Amino acid sequence: MTRLFGRRKFLIYGSAALGTSMLLKACASPTPTDSASPAASPAAPAGGDTIKVGILHSLSGTMAISEKSVVDATQLAIKQINAAGGVLGKQIEPIVEDGASDWPTFAEKARKLIEQDQVVVVFGCWTSASRKAVLPVFESLNHMLYYPVQYEGQECSKNIFYTGAAPNQQIEPSVTWLLEQYPGKPFYLVGSDYVFPRTANTIIKAQLAASGGKSVGEDYLPLGNTEVAPIIAKIRSAMPDGGVIYNTLNGDSNVAFFKQLQGAGLSPDKYPTMSVSIAEEEVQAIGKEYLLNQFAAWNYFMTVDTPENKAFVEAFKAEYGADRVTNDPMEAGYISVNIWKKAVEKAGTAGTPTDLEAVRTAAYGQEFAAPEGPVKMFPNHHISKTPRIGKVRDDGLFEIVYSTPAPVDPVPWNQFVAETKGFTCDWTRTDIQAPDTPGKFKMS
């Protein structure tokens with residue numbers, strides 16, 4: 001099994017997240033919603049000549065606010081591929097499962113999809129806690145997960161393809177931009193209490209220290225918790241003259257945070273907030289009036305001006321409604337299916353549930369004209385992506401205020417953190433692999 005960075009830290013943070021997940025499980029219904037249930041899936045009828053794939057996301061609980069739309073985008077890609085003739089002459093049959101915002105449930109559903117349903121690949125997970133919960137399942141069964149959300153890095157599994165941003169494609173560029181736009185301003189870090197925000201803030205603090213910036217506070221909330229008033233009071237006290245709020249809250253905690261942030265008079269002109277888990281879907285759910293002029297860092301926004309994005313947005317609205325919006329994790333889910341399709345076609349087989357090596361290696365070098373722009377899969381199982389920063393405008397969409405001139409290659413092992421500085425990952429290389437850390441290599 002892959003040795004993950006900060007195992008001790010993960011056990012500490014993960015235990016808090018797992019405790020929270022038990023509470024969520026008691027409140028969440030495990031039944032998929034009608035709009036994203038297997039019955040509503042765009043697949044060919046079961047029993048036909050199909051290739052079974054799994055879709056595993058939270059359709060209930062605190063993370064449903066974000067994950068339901070990723071299911072929709074994933075199924076749109078499947079429907080388009082099926083309409084064009086499928087893969088290797090076969091239709092794709094998706095089987096959808098609800099992780100219910102509960103990490104043990106994600107692991108149970110992943111095992112069910114692999115062992116009972118016999119899928120050849122799974123598309124899914126949002127939080128790093130859910131991804132880390134299913135990772136041992138995919139590694140022990142030698143199966144494959146496509147993970148569509150930006151994350152904290154510090155991981156490189158042979159059994160996961162990461163189509164969201166690595167830190168050098170989202171977190172690091174956004175911190176650099178903030179330091180340039182707000183020179184001398186302090187940072188206050190706010191996040192949900194699980195592995196992604198904790199590790200992301202470790203990276204941010206290391207980057208600030210290396211760049212002459214400073215962090216004056218750091219606070220966390222359990223997922224789903226809305227008791228944000230004490231944190232807002234701490235922000236005001238620590239930065240009375242204003243400063244940058246870096247937000248790694250996930251789920252519906254953001255609703256309370258931004259409403260109370262505005263109610264406390266911490267306006268974006270004095271307290272600009274950079275979020276890395278709030279996109280168009282969340283802006284709609286929270287209320288655009290509470291997020292106007294706040295920032296988000298992603299690789300994709302609905303306002304990206306490419307022919308591929310125009311087609312993607314039109315197809316999504318035609319399928320799910322003219323009032324729907326698209327966002328970065330949705331686009332990454334869409335990319336996942338299309339990269340997997342290309343790998344299957346190159347391999348000449350979809351593999352079997354217990355033998356996917358040909359499809360895995362065929363994914364390396366695959367390129368796709370994505371809505372965000374061109375992307376390419378690297379042997380470290382991450383893709384090139386274009387870092388962007390958007391500012392919420394009065395229609396609830398994002399004005400893109402910064403974009404790199406070209407896609408950025410992925411670096412999963414962070415170069416600001418001492419424990420991983422100088423390390424990389426390449427699953428085509430075995431000559432210099434450290435014996436105790438599969439997938440982790442010392443850079444020459």
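Basis for what follows: all heavy atoms, side chains included, without hydrogens, waters or symmetry-related copies. Everything numeric in this text was worked out from a predicted model, so none of it was measured.
- Remark: the backbone N or O of Ser58 is paired with a side-chain donor or acceptor of Glu67 at under 3.5 angstrom.
- Counting only distance, with no hydrogens or angles, the side chain of Thr303 and the backbone of Glu399 share no donor-acceptor pair below 3.5 Å.
- Counting only heavy atoms from C-beta outward, the side chains of Tyr300 and Phe312 approach each other to under 4.5 Å.
- We find that Asp72 and Arg324 are joined by a salt bridge, their nearest charged nitrogen and carboxylate oxygen being less than 4.0 Å apart.
- Scanning for side chain to side chain donor-acceptor pair (under 3.5 Å) contacts around Asn338 gives an empty result, with sequence neighbours left out.
- The two residues Ala165 and Asn299 make their nearest non-hydrogen contact at CB-OD1, 3.1 Å.
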Audit row: Ser101, Thr62, side chain to side chain donor-acceptor pair (under 3.5 Å) steps and yes/no: CA-CA 6 Å; Ser101 304; Thr62 190; over 6 Å; no
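- Minimum heavy-atom separation, Ile55 to Pro94: CD1-CB, 3.9 Å.
- With sequence neighbours left out, the salt bridge (Lys or Arg N to Asp or Glu O under 4.0 Å) criterion links Asp219 to Lys234.
- Counting only heavy atoms from C-beta outward, the side chains of Val53 and Phe123 approach each other to under 4.5 Å.
- With a 6.0 Å radius and a threshold of 12 heavy atoms from other residues, nucleotides or ligands, Asp269 has its CG atom above the threshold.
- For the pair Asn247 (side chain) and Met274 (backbone), a donor-acceptor distance under 3.5 Å is absent.
- Interatomic distance, CZ of Phe106 versus CG of Leu56, reported as 5.0 Å (0.5 Å rounding).
- The side-chain contact (heavy atoms from CB on, under 4.5 Å) test applied to Val392 returns Val283, Leu291, Phe398, not counting sequence neighbours.
- Looking at residues two or more places apart in sequence or on another chain, you find a side chain to side chain donor-acceptor pair (under 3.5 Å) between Gln207 and Thr176.
- Between the His57 side chain and the Ala64 main chain, no donor and acceptor come within less than 3.5 Å of each other.
- Asn327 contributes a side-chain N or O that, together with a main-chain N or O of Met330, makes up a donor-acceptor pair within less than 3.5 Å.
- A distance-only check finds no donor-acceptor pair linking the side chain of Glu314 to the backbone of Ala311 [under 3.5 Å].
- Note: Phe187 and Tyr246 have parallel aromatic rings, judged against thresholds of 30 and 60 degrees for the angle between ring planes.
- Tested against Asn250, the residues Ser275, Ser277, Ser66 include a single side chain to side chain donor-acceptor pair (under 3.5 Å) partner, Ser277.
- With sequence neighbours excluded, the residues that form a salt bridge (Lys or Arg N to Asp or Glu O under 4.0 Å) with Lys205 are Glu218.
- Using a distance-only test at 3.5 Å, with no hydrogens or angles considered, no donor-acceptor pair links the side chain of Ser211 to the main chain of Leu208.
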Worked check of side-chain contact (heavy atoms from CB on, under 4.5 Å) between Met377 and Phe368: CA-CA 9 Å; Met377 181 62 70; Phe368 178 59; over 6 Å; no
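- Screening residues 175-192 for salt bridge (Lys or Arg N to Asp or Glu O under 4.0 Å), with sequence neighbours left out, gives no hits.
- The shortest side-chain heavy-atom distance between Trp177 and Val401 falls under the 4.5 Å cut-off.
- A salt bridge links Lys112 with Asp117: the distance from a Lys NZ or Arg NE/NH1/NH2 to an Asp or Glu carboxylate oxygen falls below 4.0 Å.
- Phe301 has its side chain out of reach of Asn309: every pair of non-hydrogen atoms, C-beta onward, lies at least 4.5 Å apart.
- In summary, the side chains of Thr202 and Thr199 do not present any donor paired with an acceptor at a separation below 3.5 Å, with no hydrogens or angles considered.
- Taking every heavy atom of both residues into account, Phe196 and Ser128 meet most closely at CB-OG, 3.6 Å.
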Steps toward side chain to side chain donor-acceptor pair (under 3.5 Å) verdict (Ser157, Glu139): CA-CA 8 Å; Ser157 173; Glu139 290 189 332; 2.9 Å; yes
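- Between Cys425 and Trp413, the shortest heavy-atom distance links the atoms CB-NE1, 3.7 Å.
- When every heavy atom of Lys288 is checked against every heavy atom of Asp395, the shortest pair comes out as CD-C, 3.9 Å.
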Worked check of side chain to side chain donor-acceptor pair (under 3.5 Å) between Asn225 and Ser253: CA-CA 6 Å; Asn225 189 295; Ser253 296; over 6 Å; no
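- Partners of Phe316 according to the ring pair (Phe, Tyr, Trp, His ring centres under 6.0 Å) rule, which considers only residues two or more places apart in sequence or in another chain, are Tyr320.
- Checking side-chain atoms of Asn168 against main-chain N and O of Asp409 turns up a donor-acceptor pair under 3.5 Å.
- More than 12 heavy atoms of other residues, nucleotides or ligands lie within 6.0 Å of NZ in Lys317, so this atom counts as buried by the packing criterion.
- For the side-chain contact (heavy atoms from CB on, under 4.5 Å) with Val190, the lone residue among Leu249, Ile232, Asn201 that qualifies is Leu249.
- The closest side-chain heavy-atom distance from Val70 to Trp126 is below 4.5 Å.
- Residues passing the ring pair (Phe, Tyr, Trp, His ring centres under 6.0 Å) test with His382, sequence neighbours excluded: Tyr151, Tyr162.
- With hydrogens and angles disregarded, a donor-acceptor distance shorter than 3.5 Å links the side chain of Ser336 to the backbone of Ala332.
- A salt bridge links Glu155 to Lys132: at least one charged side-chain nitrogen sits closer than 4.0 Å to a carboxylate oxygen.
- Gln150 places no side-chain N or O within donor-acceptor distance of the main-chain N or O of Gly164, the cut-off being under 3.5 Å.
- Using a 4.5 Å heavy-atom threshold, the side chains of Asp328 and Gln170 count as separate.
- Ser192 is not listed as a side-chain neighbour of Pro222, based on a closest heavy-atom distance of 4.5 Å or more.
- Side-chain contact annotation: Thr386 with Thr404, donor-acceptor N/O pair under 3.5 Å absent.
- Applying the salt bridge (Lys or Arg N to Asp or Glu O under 4.0 Å) test to residues at least two apart or on different chains, the pairs with a partner in residues 370-381 are Glu372-Lys385.
- By the salt bridge (Lys or Arg N to Asp or Glu O under 4.0 Å) test, Glu282 is found to be paired with no residue, residues two or more places apart in sequence or in another chain being considered.
- Legend: residues meeting salt bridge (Lys or Arg N to Asp or Glu O under 4.0 Å) with Arg236, ordered by chain and number and at least two apart, are absent.
- The shortest non-hydrogen separation linking Met239 to Val216 is CG-CG2, 3.6 Å.
- Not counting sequence neighbours, the partners of Val325 by the side-chain contact (heavy atoms from CB on, under 4.5 Å) test are Glu280, Glu281, Gln284, Met302, Leu397.
- With respect to the salt-bridge test (charged N to carboxylate O, under 4.0 angstrom), the residues Arg198 and Asp193 qualify.
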Intermediate values then yes/no, side-chain contact (heavy atoms from CB on, under 4.5 Å), Trp103 and Thr127: CA-CA 9 Å; Trp103 322 142; Thr127 67; 3.4 Å; yes
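- With contacts defined as side-chain heavy-atom distances shorter than 4.5 Å, the pair Thr273/Tyr188 does not qualify.
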